[in-house]
Amino acid sequence: MAEWVCRALRDGALEGEHAPALTIKDSIATPLGFDAFCHVLSQLSTNISAEKSQSRALVLVAFSRSPSYYVDLLKRRGLDSSSSQQWIRILDCYTDPLGWRERLMECGSAKNLSHEASNVASTCRNVKDVDKLFSSVISLGKGLVGQGKVRFSVAIDSVNEMLRHASLSSVAGLLSNLRCCDQISSIFWFLHADLCEEKVTAVIEYMSSMVASIEPLIPFANRQRGNSENLSLVERNFTKGKFHVRCKRRNGRVRVMFEEIHIGQSGIDFTSPSSEDGLVNQVNQALLPKVHFNLQLSEKERNDRAKVVLPFEHQGNGKPVEIYDGRKSLMDSKYEAAPVSTGNSKINDDSSKGEIIYFRDSDDEMPDSDEDPDDDLDI
């Protein structure tokens, strides 16, 4: 599913439509969201450098990491740092977000960025001004692709840092304006969901066409996390989780997919959920509450339950059930007994036959018939 998301960002927007937007969110239970963000960033950068993407450039808005970190990240993924100057620009909102570092540099108390990072980075010294931030992103992108119809992509590494310095309405307006820009091919951002209110997360998700949630593979309640028996299972949430993707299609339908994410020494890996059946069974056993009675049935108890005859099953003892309706028939004539003058109705002594035989009180009583008694009337 992660590759499907990367292809959607690679293919970009259709003519006359907004750019596809991806929200990557996680929580403290499974803090793997930034690793997924770096994976998507690396995949898109590889496609852009190989000219396999609709976008021909990338503007990275860095709030939570320095530009040097992302330059080293791309180098570790096999991308040439010298050629990256032609297709990537980093808007540095991490080094000096409020303009304080500039004053320290004047006094000689702060150091500059590395040479490689300075070639692709541009510093933003007032992140509170959302309008200026939008203008900086657009100008950096157009500086790479020009003023024509060539498009570029935008990545934001932390929406939480933006919300620290600006209101929710300003941040939502910024994201909406970036999606509506004609020269932006795709956009994606990262969000820590548990650091925001639910309404904030709902607004950010509403602005996106795809939502990738990193969910715990082993969910535990707060009272269960402190249990020493479950400590090893809880630790797996820091290396494994569910990559749950919800995508809004063009026809209005919603597509939901998920796979499992694993962080190892070799990097990030995505696998199908069927490969962890043993772990899921272990999780189900761990989530059972500690009670003083057995919630499971033994083999003998299951057999005894299967032998119980339900009320709708015992009638007839396996034979077709025949209900006598009081009318004579050829089959009933052999069971008919002699009339008894004193009885109004009588139940046959042989209860195994399951029949009720009715005797008329007098000969004046008309027998039941299928004929219409008013058939002779001329109406």
Side-chain angles (χ1 to χ4, degrees), residues 1-2 4-6 8-9 12-13 17-41 44 58-65 91 93-94 97 124 127-134 136-138 141 153-181 184-216 241-250 252-258 261:
M1 307 310 169
W4 184 89
V5 171
C6 294
L9 297 176
E17 292 187 356
H18 291 171
L22 169 66
T23 296
I24 302 175
K25 68 173 185 176
D26 68 353
S27 62
I28 193 173
T30 311
L32 307 177
F34 187 75
D35 297 278
F37 174 85
C38 293
H39 174 76
V40 176
L41 177 66
L44 184 60
L58 173 66
V59 176
L60 172 60
V61 184
F63 279 94
S64 62
R65 301 290 192 280
L91 183 58
C93 301
Y94 171 83
C124 177
V127 296
K128 294 182 178 181
D129 192 349
V130 178
D131 295 333
K132 186 177 180 180
L133 186 63
F134 172 76
S136 300
V137 173
I138 298 300
S153 298
V154 178
I156 303 175
D157 66 352
S158 179
V159 177
N160 300 93
E161 294 294 332
M162 296 176 63
L163 293 171
R164 289 181 56 190
H165 304 287
S167 62
L168 175 61
S169 59
S170 301
V171 174
L174 172 64
L175 299 178
S176 178
N177 292 334
L178 290 174
R179 284 199 65 190
C180 297
C181 183
I184 292 183
S185 173
S186 60
I187 179 174
F188 62 100
W189 53 77
F190 173 56
L191 173 70
H192 290 290
D194 51 357
L195 298 182
C196 306
E197 297 181 3
E198 292 184 0
K199 64 177 183 179
V200 176
T201 305
V203 170
I204 300 301
E205 291 182 4
Y206 179 78
M207 304 303 300
S208 59
S209 59
M210 296 177 289
V211 178
S213 305
I214 312 297
E215 300 177 355
K242 289 184 180 180
F243 190 75
H244 191 277
V245 179
R246 186 176 72 253
C247 174
K248 304 174 187 176
R249 294 185 175 182
R250 292 183 176 92
R253 296 183 179 180
V254 177
R255 181 181 182 184
V256 178
M257 306 167 288
F258 81 95
I261 180 175

How far apart are the C-alpha atoms of His165 and Val130, what are their side-chain angles, what is the distance that settles it, and do they pass the side-chain contact (heavy atoms from CB on, under 4.5 Å) test?
CA-CA 9 Å; His165 304 287; Val130 178; over 6 Å; no
Could you give me the CA-CA distance, side-chain angles and deciding distance for Cys93 and Leu133, then say whether side-chain contact (heavy atoms from CB on, under 4.5 Å) is met?
CA-CA 9 Å; Cys93 301; Leu133 186 63; 3.8 Å; yes
Stepwise side-chain contact (heavy atoms from CB on, under 4.5 Å) test for Leu175 and Ile204
CA-CA 9 Å; Leu175 299 178; Ile204 300 301; 4.1 Å; yes
Checking Ile261 against Lys242 for the side-chain contact (heavy atoms from CB on, under 4.5 Å) test, could you report, in this order, the C-alpha distance in whole Å, the side-chain angles of both residues, the deciding distance, and whether it holds?
CA-CA 6 Å; Ile261 180 175; Lys242 289 184 180 180; over 6 Å; no
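Between atom CZ of residue Arg164 and atom CG of residue Leu195 there is a gap of 10.5 Å, rounded to the nearest 0.5 Å. The CG atom of Leu60 sits 11.5 Å away from atom OG of Ser153, with the distance rounded to the nearest 0.5 Å. The line from OG of Ser27 to CG of Leu191 is 11.0 Å long, rounded to the nearest 0.5 Å. To the nearest 0.5 angstrom, Leu163 atom CG is 5.5 Å from Cys196 atom SG. If you take CZ on Arg255 and CE on Met210, they are separated by 11.5 Å, rounding to the nearest 0.5 Å. Here the straight-line distance linking atom CG of Asp35 with atom CZ of Phe190 works out to 8.5 Å at 0.5 Å rounding.
Annotation for Met257 and Trp4: closest pair CE-CE3, 3.6 Å, computed over non-hydrogen atoms. Across every non-hydrogen atom of Leu91 and Cys124, the tightest pair is CD1-CB, 4.0 Å. Scanning both residues, Gly241 and Thr30, for their nearest heavy atoms gives CA-CG2, 4.1 Å. Scanning both residues, Glu205 and Thr23, for their nearest heavy atoms gives CA-OG1, 4.4 Å. Taking both residues in full, the closest heavy atoms of Pro20 and Leu9 are given as O-CD2, 4.1 Å, listed atom of the first, atom of the second, then distance. Among all heavy-atom pairs drawn from Asp194 and Ile28, the shortest one is OD2-N, 2.6 Å.
Judged by distance alone, with hydrogens and angles left aside, the side-chain atoms of Lys248 form no donor-acceptor pair with the main-chain N or O of Val211 at under 3.5 Å. Checking side-chain atoms of Arg179 against main-chain N and O of Ala19 turns up a donor-acceptor pair under 3.5 Å. Judged purely by atom type and a 3.5 angstrom limit, Ser209 uses its side chain to pair as donor or acceptor with the backbone of Ala21.
Two residues are said to be in side-chain contact when any heavy atoms from C-beta on lie closer than 4.5 Å; Val171 and Val200 fail this criterion. Side-chain contact check for His192 versus Asp26: some heavy-atom pair is nearer than 4.5 Å. Side-chain contact between Arg246 and Val254 is present, with heavy atoms from C-beta onward closer than 4.5 Å.
Using cut-offs of 30° and 60° on the angle between ring planes, the pair Phe34 and Phe37 is parallel.
The only option from Asp157, Leu41, Val154, Ile156 that meets the side chain to side chain contact (heavy atoms under 4.5 Å, CB included) definition with Phe188 turns out to be Leu41.
Side chain to side chain, Ser64 and Ser158 fail the donor-acceptor criterion of an N or O pair below 3.5 Å.
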